[in-house]
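Working notes, structure below.
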Amino acid sequence: MEFRLLGPFEAAAGGTAVELGIRRQERLLLAILLCEVGRLVPTGRVIELLWGDRPPASARSAVHTYIGRVRAALAAYGVRISTSNDGYLVSPEGLTVDMHEFAALVRRATESAEPDARVELLDQALGLWRGPLLADLAPDGLRELLGAQLDETRLLALEMRAEAWLLLGKHEQVIVEVPDPAAAHPTRERLVGALMTALYRDGRQADALLLYDRTRRALAEDLGVDPGEQLAELYRRILQRDPRLDPPRRMVYEVRLREESLPWSVGGHPALDFCNTFAGWRQEPPLPGSEWLRRYRTLAVWTGFAGLADEAAVSRLCVLAERCPDEAAAVLDQARRLRTNLYSCLTETPDRVTFEQVAVLAQEAARWQLLLPAHGDGARWRTDLGAGLRLPLLAAAWTAAGLLTDPRRLAVCTCPNPSCGWLFLDETGQRRFCSLATCSGSQAPDELRGAEPAAFGRR
């Protein structure tokens, strides 16, 4: 069952709105418990939130009556409210509450290193926001007690998304989405700074400078302070037309499949191209845009693009990922760890633990392989669909095992550009550097153009 508290109070089951048939005060009691879902709310706290500092003499018995009616209304949907130690607790099993989903998505976004992954998470979070908490039930004072940080979290989400759009070169999106919240909150300097940058990139330098001037006046009038150092520095850079404010350079060599962005197959082997789904292996911290496998769906589509699964399997995996997002996220994490370990095995002398981690996955992958006839060119290995969401992981592990046991591993070379580090086969001995515009290896100094052979090649 779904409960929506961000905006008017709503309940839904299976995506269909449910009219619980309980009174306003009872809906408010349920909402109070849902704000603390999974935690015990003492009866005294419930009374304080429902009636403030002037509760009726019958408040305790009234709460008991309300609980009984709410339980009866929710019984058919499997929602449980337990009584313990003079308090009430809503079990989190079998239900979702939008305010908690919202906070969790924003928290995940703050932990994400990739701007497009942040945008995706923040889009989901902000899509849950239909208005202030319990807009039809709670007065402002109660709303502050129940969700004091929600408005701040929403503004933080708007700022983070605007900044991520800029990192992705989407300043037009900032110009469309940010002016209203920036006007409503003129002292939010991060939001203003993102909009100033977007206006400048759109050729509207004067508008960006006027926005700074309005913000400076608002800060002086409302707070009695000047703009912070970062916003003032941005103002100076806009005045000077600093090239560091220009949009980031886009990845040139990419493939778009099923609305997913993938790197071209340049490595000459699926295991190498699996490693090449990350750019800037030697760059610390990773540059924006380094991570291509930003979500499980991208991993599934890449598996089909690399020839490790057919289109029907990719479609099935995308559907499964939507149904089981937590499991899909766990598999994506495992795939990234495999990629790191495989890269180490191909470019360094791997330690025993790293090699064994690749080997264990490869051995598991072997148990899931099927030898299937191909059209006109013999047969090929395919990972059994029974592997479920682990299919891309096991398919990558199987192709990795194939390369590690193949003499061609001796011809694996690494692009010397520190912002790339991609791997490719150099079986002819003639290709000396990575020519992809993604890494600008073709513009590297002559002394860097000789591709560094991988560890196996140095033996």
Side-chain angles (χ1 to χ4, degrees), residues 1-4 11-16 34 37-38 77-80 90-114 116-128 257-262 274 277 291-306 308-340 357 360-362 364-365 367-370 382-399:
M1 194 168 186
E2 306 164 39
F3 291 99
R4 300 162 188 162
T16 302
L34 290 170
V37 67
Y77 304 102
V79 178
R80 295 186 297 107
V90 176
S91 171
E93 296 176 3
L95 62 84
T96 60
V97 182
D98 60 355
M99 67 175 287
H100 301 305
E101 285 188 282
F102 171 78
L105 286 166
V106 175
R107 185 167 56 252
R108 285 174 57 193
T110 62
E111 296 168 353
S112 174
E114 290 298 320
D116 52 356
R118 286 201 298 277
V119 167
E120 183 177 352
L121 291 166
L122 293 168
D123 280 345
Q124 294 177 42
L126 293 167
L128 297 172
L257 288 178
R258 296 184 179 224
E259 301 304 313
E260 301 296 326
S261 179
L262 305 171
F274 178 58
T277 56
E291 179 60 80
W292 294 77
L293 300 182
R294 301 174 181 96
R295 54 179 181 164
Y296 179 89
R297 178 184 168 85
T298 314
L299 174 64
V301 172
W302 176 84
T303 305
F305 175 62
L308 304 180
D310 59 28
E311 285 299 303
V314 172
S315 296
R316 179 180 176 184
L317 290 170
C318 291
V319 172
L320 283 175
E322 291 181 1
R323 292 177 183 170
C324 309
D326 291 341
E327 183 182 349
V331 173
L332 178 60
D333 287 341
Q334 293 172 34
R336 288 173 172 173
R337 286 197 295 273
L338 169 63
R339 183 181 62 185
T340 300
Q357 288 176 346
V360 166
L361 265 178
E364 180 183 358
R367 295 193 290 271
W368 287 96
Q369 297 309 305
L370 300 174
R382 280 287 184 269
T383 305
D384 192 342
L385 287 174
L389 289 171
R390 286 172 59 81
L391 188 151
L393 171 68
L394 298 176
W398 177 249
T399 191

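As the structure is a prediction and not an experimental result, all values here were calculated from the model.
- A side-chain donor-acceptor contact under 3.5 Å links R297 to the backbone of R258.
- Looking at F3 and V79, their side chains come closer than 4.5 Å, going by heavy atoms from C-beta outward.
- Residues L361 and L393 are in side-chain contact: their nearest non-hydrogen atoms beyond the backbone lie under 4.5 Å apart.
- Considering CG of L262 and CG of L293, their distance stands at 8.0 Å, rounded to 0.5 Å.
- Minimum interatomic distance between A362 and W398 (heavy atoms only, all atoms of both residues): O-CE3, 4.4 Å.
- Contact detail for Y296 and A328: the closest heavy-atom pair is CD1-O, 3.4 Å.
- Remark: W368 CH2 to D384 CG distance equals 6.0 Å, nearest 0.5 Å.
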Check: Going through the distances and angles, do D98 and E2 end up as a side chain to side chain contact (heavy atoms under 4.5 Å, CB included)?
Finding: CA-CA 8 Å; D98 60 355; E2 306 164 39; over 6 Å; no
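- Atom CG in L128 sits 11.0 Å away from atom CG in D123 (nearest 0.5 Å).
- Between the Y77 side chain and the L95 main chain, no donor and acceptor come within less than 3.5 Å of each other.
- Counted by atom type alone, Q334 and R390 present one or more donor-acceptor pairs between their side chains at under 3.5 Å.
- Residues V314 and A309 approach most closely at CG2-CB, 4.5 Å, considering heavy atoms.
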Check: After noting the C-alpha distance and the side-chain angles of E260 and R295, does the key distance pass the side chain to side chain contact (heavy atoms under 4.5 Å, CB included) rule?
Finding: CA-CA 10 Å; E260 301 296 326; R295 54 179 181 164; 2.3 Å; yes
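- In plain terms, the two heavy atoms of L317 and A300 that are nearest each other are CB-CB, 4.0 Å.
- Environment of CZ in R336: crowded, with over 12 heavy atoms of neighbouring residues, nucleotides or ligands closer than 6.0 Å.
- Closest heavy-atom contact between W292 and T298: O-CG2, 3.3 Å.
- One distance of note links NE2 of H100 with CG of L105; it measures 13.0 Å at 0.5 Å rounding.
- Under the 4.0 Å criterion applied to side-chain N and carboxylate O atoms, E291 and R339 are assigned as salt-bridge partners.
- Without hydrogens or angle criteria, T303 side chain to L299 main chain gives a donor-acceptor distance under 3.5 Å.
- In this structure, R4 and M99 have side chains that are not in contact, with every pair of non-hydrogen atoms separated by 4.5 Å or more.
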Note to self: Show, in sequence, the C-alpha distance, side-chain angles and deciding distance for V90 and R80, and conclude whether the side chain to side chain contact (heavy atoms under 4.5 Å, CB included) test is met.
What the structure shows: CA-CA 6 Å; V90 176; R80 295 186 297 107; over 6 Å; no
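- Using a 4.5 Å heavy-atom threshold, the side chains of L385 and R316 count as touching.
- Atom CG of L320 sits about 11.0 Å away from atom OG of S315, to the nearest 0.5 Å.
- Residues L308 and P392 form no side-chain contact, since every pair of their non-hydrogen atoms from C-beta on lies 4.5 Å or further apart.
- Panel note: side chain T110, backbone R107; a donor-acceptor pair is recorded below 3.5 Å.
- With hydrogens and angles ignored, the 3.5 Å screen pairs a side-chain donor or acceptor of D310 with a backbone N or O of A313.
- With a 4.5 Å cut-off on side-chain heavy atoms, W302 and L257 do not count as touching.
- Of the possible polar contacts, one joining the Q369 side chain to the A365 backbone as a donor-acceptor pair under 3.5 Å is found.
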